[in-house]
Amino acid sequence: MNRTLRGTARFLLLPLLAMLAASGCGESSSPGATGDTDNTGGTGPGTGGGAASSTTAGTGGGAASSTTAGTGGGAAGSTTAGTGGGATSSTTAGTGSDSSGAGTGGAPSSTPTFHIFMLMGQSNMAGVAPKQASDQNSDQRLKVLGGCNQPAGQWNLANPPLSDCPGESRINLSTSVDPGIWFGKTLLGKLREGDTIGLIGTAESGESINTFISGGSHHQTILNKIAKAKTAENARFAGIIFHQGETDTGQSSWPGKVVQLYNEMKAAWGVDYDVPFILGELPAGGCCSSHNNLVRQAADMLPDGYWVSQEGTKVMDQYHFDHASVVLMGTRYGEKMIEALKW
């Protein structure tokens, strides 16, 4: 509307202006639409009212499933409509508003993410306690690369045990439960719609950390699994959980080797970002709880390190968690990872 009218002409138009305002055809006196509030489910952007004193009407956000950011209404006193920012993970970045109070808009991304986590350590990560019916998983969003009793080299429905068989002698790990399955189940509760979780079990019972780092007997096997996992569509290396130390109890060099393992895993994935690395304490009722000082020390040395407590757990022998404790530790790993990833 022309705001340069002067003298008698302005007075002659006042009645007409009043009539137009009463019929709803004039500019709104309220700020423009925010995001997609005014047109949820529409096929195109809706148009919001202009801000108070604004000369340009604001435009509402794009419809749900839109791939572009919506444009918010201008703030009070602004002469230009503000542009809404893109939603988190939007395929098109939104442009920030030029004044406070501008609307926000944009549609979420339709691209799913395959979040991949590594399960590393020795027997308490591989699992020793006999599995129960409650340990089974039927959720197709939770996968494992290979896994005991399942086809190697492909993504299968995750069910325990998740690491390769047969495990150490004298213990039939093919019928056991590991904390990784409960870690995964816990993550499912916070998983974004459309995303998937992949678990890579690399635990080896009775082994020193030296066998997992470069030069060790299991190092190449781990690298081979990572190489396979990297080929998955929309794969993202998301984190590591680690339960090891019984074989290396009290060795002062152990925390430094944990850091080395972490750095080598990042290098194998080819990522330049840090991922959470969560260590589990050794059971207090077992052989090696004195090692827990080193567990906490290693966590402090990592760029994104954490540890979970064994408090409240029990052992079935001098080394291994009982079933209830496996569930408890797996859940704690999951809760800590959710916290670390800010899910």
Side-chain angles (χ1 to χ4, degrees), residues 116-128 144-156 160-180 183 198-231 237 239-271 275 277-280 282 286-288 291 294-295 297-299 301-302 305 317-321 333:
I116 301 180
F117 300 89
M118 300 188 68
L119 319 177
M120 309 191 77
Q122 53 183 109
S123 56
N124 271 318
M125 181 59 74
V128 175
V144 63
L145 183 60
C148 184
N149 302 324
Q150 300 209 71
Q154 69 179 47
W155 291 102
N156 303 305
L162 302 175
S163 293
D164 295 337
C165 298
E168 65 184 326
S169 59
R170 299 179 291 105
I171 300 176
N172 183 10
L173 297 186
S174 66
T175 59
S176 65
V177 61
D178 50 300
F183 165 74
L199 305 176
I200 304 178
T202 66
E204 294 286 347
S205 299
E207 296 290 349
S208 165
I209 193 172
N210 293 322
T211 68
F212 304 134
I213 57 180
S214 57
S217 57
H218 298 296
H219 184 69
Q220 188 59 50
T221 300
I222 296 171
L223 297 186
N224 292 344
K225 287 194 171 186
I226 292 174
K228 178 63 178 179
K230 286 168 64 175
T231 66
F237 179 32
I240 299 171
I241 63 173
F242 185 68
H243 199 110
Q244 195 274 335
E246 290 88 349
T247 301
D248 300 321
T249 297
Q251 295 183 16
S252 60
S253 61
W254 185 84
K257 291 176 180 178
V258 171
V259 176
Q260 179 182 345
L261 178 65
Y262 171 78
N263 289 332
E264 290 178 350
M265 294 303 97
K266 277 187 58 178
W269 278 96
V271 300
V275 300
F277 189 111
I278 304 175
L279 299 94
L282 280 57
C287 64
C288 314
H291 191 74
L294 295 178
V295 168
Q297 181 181 329
M301 292 170 62
L302 292 162
D317 54 37
Q318 64 174 324
Y319 298 106
H320 303 116
F321 290 120
Y333 279 121

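Only heavy atoms go into these numbers, but all of them, side chains included; no hydrogens, no water, no symmetry mates.
The neighbour count for Phe237 CZ, taken as heavy atoms of other residues, nucleotides or ligands under 6.0 Å away, is above 12.
Separation of atoms CE (Met120) and CG (Leu261) is listed at 4.5 Å; rounding is to 0.5 Å. Rounded to the nearest 0.5 Å, atoms CD (Gln150) and SG (Cys148) are 9.0 Å apart.
Side-chain contact annotation: Ser123 with His320, donor-acceptor N/O pair under 3.5 Å present.
Using a 30° and 60° split on the angle between ring planes, Tyr333 and His243 fall in the perpendicular class, above 60°.
Looking at Asn124, its side chain never comes within 3.5 Å of a backbone N or O of Leu282 through a donor-acceptor pair. The main-chain N or O of Leu223 is never found under 3.5 Å from a side-chain atom of Glu264 such that the two would form a donor-acceptor pair. Tyr319 contributes no side-chain N or O that, together with a main-chain N or O of Cys288, makes up a donor-acceptor pair within less than 3.5 Å. In this structure a side-chain-to-backbone donor-acceptor pair under 3.5 Å is missing from Lys257 to Phe212. Of the possible polar contacts, none joining the Gln122 side chain to the Ser208 backbone as a donor-acceptor pair under 3.5 Å is found.
Partners of Gln318 by side chain to side chain donor-acceptor pair (under 3.5 Å), not counting sequence neighbours: none found. For Lys266, the salt bridge (charged side-chain N to carboxylate O under 4.0 Å, His left out) partners are Asp274, not counting sequence neighbours. Partners of Trp155 under the side chain to side chain donor-acceptor pair (under 3.5 Å) rule, at least two apart in sequence or in another chain, do not exist in this structure. Qualifying side chain to side chain donor-acceptor pair (under 3.5 Å) partners for Asn156, counting only residues two or more places apart in sequence or in other chains: Gln154. Residues satisfying the side chain to side chain donor-acceptor pair (under 3.5 Å) criterion with Gln297, sequence neighbours excluded, are absent altogether.
Among the candidates Leu162, Asp178, Leu119, the single residue satisfying the side chain to side chain contact (heavy atoms under 4.5 Å, CB included) test with Met125 is Leu119. With Ile222 as the fixed residue, the side chain to side chain contact (heavy atoms under 4.5 Å, CB included) test singles out one of Ile213, Ile200, Thr202: Thr202.
At least one side-chain heavy atom of Tyr262 sits under 4.5 Å from a side-chain heavy atom of Val275. Looking at heavy atoms from C-beta onward, Leu279 lies in side-chain contact with Leu302 at the 4.5 angstrom threshold.
Between Ser163 and Ala126 the shortest heavy-atom distance is OG-CA, 4.5 Å. Of all the heavy atoms in Trp254 and Ala298, the pair that sits closest is CZ3-CB, 4.0 Å. Minimum heavy-atom separation, Gly127 to Ser176: O-OG, 3.0 Å.
Sorted by first and then second residue, the salt bridge (charged side-chain N to carboxylate O under 4.0 Å, His left out) pairs involving residues 241-253 (not counting sequence neighbours) form an empty list.
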Requested in this report: Just do the side chain to side chain contact (heavy atoms under 4.5 Å, CB included) check on Ile226 and Met265 with the steps written out, would you?
Outcome: CA-CA 8 Å; Ile226 292 174; Met265 294 303 97; 3.8 Å; yes

